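No experiment lies behind these values; they were computed from the predicted model shown. Computation of the quantities below employed the complete heavy-atom set of this structure, encompassing side-chain atoms and omitting hydrogens, waters and symmetry-equivalent molecules.
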Amino acid sequence: MAKLTDPVTLLRGVGPTRAKQFQALNIDTLGDLICHFPRGYEDRTRLLQVAQLEVDKPACFRAMVMNTPRTNHIRKGLDLTKVQVADHTGRLNLTFFNSKYAVEHLEYGKEYIFYGCLTGDYSGYGMTNPIFEDVDSVAVTTRRVMPIYPLTAGVSNAVMLKAVRQALAICDPPEEILPEEIRQRYGILGAEEAYRVIHEPDSMEQAEAARKRMIFEEFFVFSAGLSLMRAARAEKRTAPYAQRDLSPFFQRLPFTLTGAQQRAIREITEDLGKGVPMNRLVQGDVGSGKTMVAAAAAYCAAINGCQSALMAPTEILAEQHYASLSSIFAPMGITVALLTGSMTQKEKKAVREALENGEVQIAVGTHALISESTVFRNLGLVITDEQHRFGVGQRSRLSSKGEAPHLLVMSATPIPRTLALLMYGDLDVSILDELPPGRETVDTFLVSESYRPRINAFIRKQVAQGHQCFVVCPAVEENDGLDVKSATVWAETLQKTVFPDLRIALLHGQMKGAEKEAAMAAFARQEADVLVATTVIEVGVDVPNATLMVIEDADRFGLSQLHQLRGRVGRGKSKSYCILTTHNRNPETIQRLKALCKTTDGFQIAEEDLKLRGPGDFFGSRQSGLPAFRMADLSFDLGLLKQAQQASAQWIEEEGTQDTPEANALRSRVAVLFSRAEGTMN
């Protein structure tokens with residue numbers, strides 16, 4: 001027998017070219033192929049009569065060929081073959097394009113089983129390129145449940161099915177990881193049956209049972225992995241923080257913390273006193289005050305003789321954190337230092353020396369914090385901002401600079417509880433669900449292109465009042481296939497023809513890192529009136545003077561992403577606005593965008609986004625927090641998720657550390673999943 005780890009080139013008909021095509025689908029081994037599950041099924045088991053066929057509904061029917069197929073050569077590369085078929089209920093005209101097979105195999109007076117989609121109206125019905133088989137042949141493409149696979153250029157469904165069948169014939173499926181007791185309790189198929197049935201079901205019920213097994217298995221493996229991570233963390237030990245009186249810190253603040261902030265800080269200080277490394281996520285809407293919660297944690301570390309490191313995804317965000325923390329801690333005698341890539345070698349060397357000898361209590365920076373040359377004297381707390389921008393590797397590299405330091409991660413992306421369980425299942429979660437008093441809501445409007453003159457007039461009015469504006473476009477450059485505004489072209493249009501007297505700046509992801517930082521910093525210094533940008537501004541810009549956000553082609557973004565973008569304005573004392581433009585008239589799209597206009601509650605928006613778009617698009621084009629599930633869909637499979645989480649938690653606690661075939665297989669699968677997700681799962 002072949003092994004699951006053997007290359008797909010072992011199969012007949014899979015040479016270097018085909019193997020390269022399979023690689024585009026992340027299929028390199030026989031195991032990858034067997035785990036390349038159908039995205040759906042076509043039920044071709046029911047035979048209809050010709051009179052029962054419905055327009056645009058694929059179906060199987062049995063009919064006799066009523067004439068000899070006639071082929072017309074239309075032009076070079078296009079031959080049209082027509083033939084009429086019938087049963088006792090009616091007749092139907094079939095058309096085949098460039099089908100030598102139809103010409104050679106359809107015989108006058110003979111019956112076949114056809115599968116296709118009826119088209120036309122009362123003036124005439126027909127069918128184009130139906131699949132057909134002899135009535136007496138083995139059912140290969142008709143009279144069966146047909147799996148429909150995710151495909152790529154050069155790989156047809158027939159090619160994929162043939163390859164999968166070969167793989168199943170020459171090697172055993174993945175070994176069983178679900179104990180029999182769990183399979184019986186939740187009605188789950190065994191591995192051997194499930195891996196066969198999912199590719200070749202005899203009925204739709206069988207297909208659904210196999211699909212249920214695979215979804216449960218995916219959730220079980222992922223949940224077990226998180227349980228094992230938690231268990232490993234619980235075994236680590238660190239000195240508990242004895243000093244946890246934060247009164248001096250609170251007295252220094254020029255404002256009163258919200259109830260949510262106070263609750264989160266209490267949870268953090270409790271963690272810091274346990275003697276086990278903290279692993280906590282502080283999740284809050286834009287402007288909910290996460291930085292002050294992080295500052296309280298850093299203060300607690302400092303009064304216990306430990307250093308803290310706060311890593312931000314951009315230099316400008318690091319600089320903003322540095323400025324706000326320095327203003328709080330300098331009068332208290334706690335030293336804060338900034339470490340970023342754009343600093344001179346001399347500046348970086350001085351900061352690193354101060355960190356190594358313990359002169360600096362709090363280091364704020366970017367990836368420069370995790371470079372080998374950065375050494376801490378006594379790193380006790382690691383804080384990462386905008387957590388979904390950092391992979392596991394970056395987080396662990398920073399943590400490795402201390403002896404089992406505490407970890408605090410912050411995210412301004414409100415995530416539904418369900419997704420938070422998956423994305424941050426190894427973390428404890430604190431939620432900031434209150435905004436500080438006095439922060440005004442951002443009024444949001446959805447308009448069509450006909451409002452363009454009014455939008456332009458409103459931009460001019462905001463600038464005349466001394467404010468600044470963001471204009472966000474979904475693309476960097478023009479794309480013939482997409483009818484959307486591009487940042488580069490739109491910035492040029494605004495500067496040359498709409499606002500020649502205003503200062504228009506451009507910012508997009510294809511610019512070099514230093515250029516992006518410079519553009520954001522210049523806008524923050526009020527050196528431009530309007531910043532035309534892509535979603536690169538989603539994090540990392542705090543411009544209190546910006547009062548207007550215009551998002552072009554808003555239907556191209558997820559609700560949560562739009563909410564994040566909207567959070568870039570409303571950070572000062574002036575009234576702020578967000579205008580969403582779209583020329584999409586789809587009722588569902590309009591409903592989705594109107595949901596954003598009705599509320600500024602990020603958690604409510606996140607739930608709506610999950611419901612409307614599903615988790616695959618939850619972060620727009622970035623899905624960095626989500627595990628790469630092959631079958632599971634969080635929009636529909638929440639019941640199975642909860643069952644699998646309960647089952648895995650109970651089983652890990654009772655038997656997960658034992659030396660049984662299932663336990664060993666599960667640990668192996670967990671290791672593969674988490675290594676594959678390195679840098680994408682947090």
Side-chain angles (χ1 to χ4, degrees), residues 1-39 41 138-141 144-152 155-184 188-203 206-207 209-218 220-222 224-225 628-631 655 658-676:
M1 293 290 282
K3 296 187 183 72
L4 290 169
T5 52
D6 287 338
V8 287
T9 47
L10 276 186
L11 302 175
R12 291 190 313 277
V14 181
T17 302
R18 178 73 76 216
K20 196 168 183 183
Q21 292 168 340
F22 278 149
Q23 271 185 336
L25 295 164
N26 296 317
I27 297 172
D28 295 302
T29 67
L30 298 180
D32 294 336
L33 191 57
I34 289 171
C35 292
H36 186 71
F37 301 131
R39 59 178 172 80
Y41 298 88
V138 177
V140 177
T141 56
R144 60 164 294 173
V145 175
M146 176 61 72
I148 306 300
Y149 291 93
L151 302 171
T152 189
V155 180
S156 67
N157 204 67
V159 164
M160 183 62 72
L161 184 55
K162 184 180 176 183
V164 170
R165 276 184 183 146
Q166 275 194 72
L168 285 168
I170 66 171
C171 70
D172 292 325
E175 56 194 319
E176 183 62 77
I177 61 166
L178 300 178
E180 187 176 355
E181 179 211 338
I182 286 175
R183 297 202 308 271
Q184 287 180 351
I188 304 295
L189 292 182
E192 190 169 347
E193 182 184 3
Y195 277 94
R196 179 185 58 77
V197 165
I198 198 159
H199 294 293
E200 298 194 79
D202 293 330
S203 65
Q206 263 198 359
R211 179 182 173 275
K212 178 183 175 183
R213 154 76 199 211
M214 298 312 174
I215 293 168
F216 189 93
E217 181 179 304
E218 285 189 309
F220 188 87
V221 171
F222 189 76
F629 292 131
R630 285 185 164 108
M631 290 289 283
E655 302 178 52
Q658 294 188 13
D659 186 19
T660 63
E662 287 107 342
N664 292 332
L666 177 60
R667 280 193 287 272
S668 175
R669 284 282 280 285
V670 165
V672 169
L673 173 68
F674 279 73
S675 63
R676 191 176 71 221

So, for L10 and L30, which heavy atoms are closest and what is the spacing to 0.1 Å? CD1-CD1, 4.3 Å
Measuring from atom CZ of R211 to atom CD1 of I198, what distance do you get when rounded to the nearest 0.5 angstrom? 8.5 Å
Of all heavy-atom pairs linking L161 and P147, the shortest is CD1-CG, 3.8 Å
For residues F216 and I182, determine if any side-chain heavy atom of one lies less than 4.5 Å from a side-chain heavy atom of the other. yes
Contact check, side chains of Y195 and D172, non-hydrogen atoms, under 4.5 Å: no
Does any part of the side chain of N157, heavy atoms only, come nearer than 4.5 Å to the side chain of M146, both counted from C-beta? yes
Quick check: does any side chain N or O of E218 sit under 3.5 Å from a backbone N or O of M631, one acting as donor and the other as acceptor? yes
Locate the shortest heavy-atom distance separating A163 from L11; write the atom from each residue and the value. O-CD1, 3.7 Å
Does L4 reach the side chain of T29, with side-chain heavy atoms less than 4.5 Å apart? no
Sequence neighbours left out, what passes side chain to side chain donor-acceptor pair (under 3.5 Å) with D28? Give chain and number order. Q23
Output all residues satisfying salt bridge (Lys or Arg N to Asp or Glu O under 4.0 Å) with R183, sequence neighbours left out; order by chain, then residue number. E176
Correct closest heavy-atom pair for I34 and P174 would be CG2-CD, 4.2 Å
Quick one: does Y41's side chain have a donor or acceptor within less than 3.5 Å of a partner on S203's backbone? no
Using 0.5 Å steps for rounding, measure from the CG atom of L33 to the CG atom of D6. 12.5 Å
M160 side chain reached by L25 side chain, heavy atoms, under 4.5 Å: yes
Flag side-chain contact, heavy atom, 4.5 Å: T9 against P16: no
Could you check if a side-chain atom of V164 sits within less than 4.5 angstrom of a side-chain atom of H36, using non-hydrogen atoms only? no
Minimum heavy-atom distance between I177 and V221, given as atom pair plus value: CD1-CG2, 3.3 Å
Run the side chain to side chain donor-acceptor pair (under 3.5 Å) test against E192 and tell me which residues pass, sequence neighbours left out. none
List for me each residue that meets ring-ring contact (aromatic ring centres under 6.0 Å, His included) alongside Y149, sequence neighbours excluded, and say none if there are none. H199
Counting distance only, does the side-chain N/O of R213 pair as donor-acceptor with the main-chain N or O of L189 below 3.5 Å? yes
Residues R39 and P150: closest non-hydrogen pair is N-CD, 3.9 Å
Going by side chain to side chain donor-acceptor pair (under 3.5 Å), name the residues that satisfy it together with E193, two or more places apart in sequence or in a different chain. none
Audit row: Q166, V14, side-chain contact (heavy atoms from CB on, under 4.5 Å) steps and yes/no: CA-CA 11 Å; Q166 275 194 72; V14 181; 5.6 Å; no
Mind checking what makes salt bridge (Lys or Arg N to Asp or Glu O under 4.0 Å) contact with R165, not counting sequence neighbours? E200
May I ask you to test the L151-V159 pair for a side-chain heavy-atom distance under 4.5 Å? no
